[in-house]
Protein chains: 2
Amino acid sequence: MKRTLENIKYKKNTEELALFAKALAHPTRIAILRHLENQTCCYTGDLVDVLPLAQSTISQHLKELKNAGLIQGELKPPKIKYCINQENWEKAKNLFVNFFEK
Amino acid sequence: MKRTLENIKYKKNTEELALFAKALAHPTRIAILRHLENQTCCYTGDLVDVLPLAQSTISQHLKELKNAGLIQGELKPPKIKYCINQENWEKAKNLFVNFFEK
DNA sequence: AAAACCTATCGTACATTTGCGATAAGGAAT
DNA sequence: ATTCCTTATCGCAAATGTACGATAGGTTTT
């Protein structure tokens, strides 16, 4: 990305869809979300056991998913419980469905 | 990305979905696809007129979309006509729908 | 054959992403 | 208060992504 992109104005829907797509653009994050879909919720540690990646790497992916709004974390000391953010999940779903439909 | 990722094996669906998501992970490419959805097809030059980006940049985005299988190019000398690849479009649509549909 | 047109590719610059180990930060348990 | 457990963050290295101008390649037209 370079200077020009800063200035380009896309429609809101286009930017939102691109951001959600970016969050899904890595197999590890898809795997995390699939796991969350099955379990409803899970802890970071669960994922570290399941995925062959360093704890710090997984934490980073979780952060990106959280930034994208697709998941949310809840403090359950000493752990953190991650769940899918249903509201934004629906929003993303609708954006993708509308995009492909037509 | 570094050494480790090469070795990680994800499920086929997971990798495919991530690749499609990656193709959609930039607003310019979403805009190109929306344009193609409306016009059914279009030429590279049409996009250069519509998007505030260099011709080479747009060509590059088209290449990525083609690599992802979402579009296809047909020679209509001296132009090239790009259309959505319906088969893969459906495939991507199904992957996303199934993914979100819990 | 030359000129004109359209598009792809090359080379470069810079930003972002991905991964890791090491370390910090927080509460829980001893 | 110290130790333990869990997770986030930092700092680094390597790979990828994004953008541009310049150039090459291929067809059509003159």
Side-chain angles (χ1 to χ4, degrees), chain A residues 1-10 14-15 18-32 35-36 41-68 71-83, chain B residues 1-10 14-15 18-32 35-36 41-68 71-83:
Chain A
M1 209 177 307
K2 234 163 117 190
R3 53 220 109 116
T4 321
L5 190 58
E6 313 287 352
N7 312 325
I8 304 180
K9 245 318 187 191
Y10 293 94
T14 298
E15 303 224 346
L19 282 177
F20 280 128
K22 201 169 174 182
L24 301 179
H26 195 287
T28 296
R29 293 196 287 275
I30 301 277
I32 290 174
H35 198 257
L36 283 176
C41 288
C42 78
Y43 302 99
T44 308
D46 302 345
L47 297 167
V48 175
D49 294 341
V50 170
L51 298 169
L53 290 168
Q55 180 266 324
S56 60
T57 303
I58 290 174
S59 189
Q60 217 167 298
H61 282 302
L62 285 168
K63 188 182 180 182
E64 282 185 60
L65 290 172
K66 202 166 60 179
N67 285 343
I71 66 173
Q72 60 200 5
E74 185 190 348
L75 273 82
K76 288 277 186 178
K79 302 185 175 184
I80 297 181
K81 191 169 80 170
Y82 281 104
C83 307
Chain B
M1 210 177 307
K2 233 164 118 190
R3 51 218 111 115
T4 321
L5 190 57
E6 312 287 353
N7 313 324
I8 304 180
K9 244 318 186 192
Y10 294 94
T14 298
E15 302 224 346
L19 282 177
F20 280 129
K22 202 168 173 182
L24 300 180
H26 195 287
T28 296
R29 292 195 288 273
I30 302 275
I32 289 173
H35 197 257
L36 282 177
C41 288
C42 79
Y43 301 100
T44 308
D46 301 346
L47 296 167
V48 176
D49 294 339
V50 170
L51 298 169
L53 290 168
Q55 179 265 324
S56 60
T57 303
I58 290 173
S59 190
Q60 217 168 296
H61 282 301
L62 285 168
K63 188 182 180 182
E64 282 186 60
L65 290 172
K66 202 166 61 178
N67 285 344
I71 65 173
Q72 59 199 6
E74 185 189 349
L75 273 80
K76 288 276 188 182
K79 301 185 175 184
I80 297 181
K81 193 168 79 170
Y82 281 104
C83 306

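Just so it is clear: chains get the letters A, B, ... in the order the sequence lines come, proteins before strands, and each one is counted from 1.
One interatomic measurement links the two molecules: OH of Y82(B) to P of dT7(C), which rounds to 8 Å at whole-angstrom precision. One atom, CG of L51(A), and another, C1' of dT18(C), lie 14 Å apart when rounded to the nearest Å. Separating the NZ atom of K66(B) from the C1' atom of dT9(C) is a distance of 12 Å, rounded to the nearest angstrom. Whole-Å rounding puts the L75(A) CG to dA25(C) C1' distance at 12 Å. Distance, I32(B) CD1 to dT7(C) C1': 14 Å, rounded to whole Å. Rounding to whole angstrom units, NZ of residue K81(B) and P of dA8(C) are separated by 15 Å. Remark: P of dT18(C) and CD of Q60(A) are 8 Å apart, rounded to the nearest angstrom. Here dA8(C) presents its C1' atom at 13 Å from CD1 of I71(B), a figure rounded to the nearest Å.
With dT9(C), dA19(D), dA8(C) as the candidates, the nucleotide lying closest to the side chain of T44(B) is dA8(C). Here the side chain of K22(A) is nearest to one of dG21(D), dT16(C), dT18(C), namely dT16(C). Checking dC20(D), dT9(C), dA8(C) against every side-chain atom of K63(B), the shortest atom distance belongs to dT9(C). Relative to the side chain of H61(A), the nucleotides dT18(C), dA22(C), dT7(D) differ in distance, and dT18(C) lies closest. In this structure, the nucleotide among dT18(C), dA8(D), dC20(C) sitting nearest to the side chain of H26(A) is dT18(C). Looking at the side chain of K79(A), the nearest of the listed nucleotides dT18(C), dC20(D), dT6(D) is dT6(D). Nearest nucleotide to the S59(B) side chain, out of dC20(C), dT18(D), dT9(C): dT9(C).
Going from atom CD of Q72(B) over to atom CD of E74(B) covers 8.0 Å, rounded to the nearest 0.5 Å. Rounding to the nearest 0.5 Å places OG1 of T44(A) at 5.5 Å from CD1 of I80(A). Taken from CG in L65(A) to CG in L36(A), the straight-line distance is 8.0 Å, to the nearest 0.5 Å. Atom CD in Q55(A) sits 8.5 Å away from atom OG1 in T57(A) (nearest 0.5 Å). In this structure, the separation between CD1 on I58(A) and CG on D49(A) is 8.5 Å, given to the nearest 0.5 Å.
Counting heavy atoms from C-beta outward, L62(B) and L47(B) have side chains that approach closer than 4.5 Å. Within the 4.5 Å cutoff, the side chain of Y10(A) has heavy atoms near those of the T28(B) side chain.
Annotation: the terminal axes of the helix from dA1(C)-dT30(D) to dT30(C)-dA1(D) meet at 10°, where each axis is the rotation carrying the C1' atoms of four end pairs onto the next four (5 pairs per end, rounded to 10°).
Position along DNA chain C of the nearest nucleotide to I58(B) versus A54(A) favours I58(B) as the more 5'-ward residue.
Phosphate contact (OP1/OP2 of dT18(C), side-chain N/O of T57(A), threshold under 4.0 Å): absent.
Within the 4.0 angstrom heavy-atom criterion, base atoms lie near Q55(A). E64(A) comes within contact range of the sugar-phosphate backbone alone, with a heavy-atom separation under 4.0 Å but no base atom that close.
Here side chain to side chain donor-acceptor pair (under 3.5 Å) pairs that include residues 59-68 of chain A, with residues two or more places apart or in two chains, are R29(A)-H61(A), R29(A)-E64(A).
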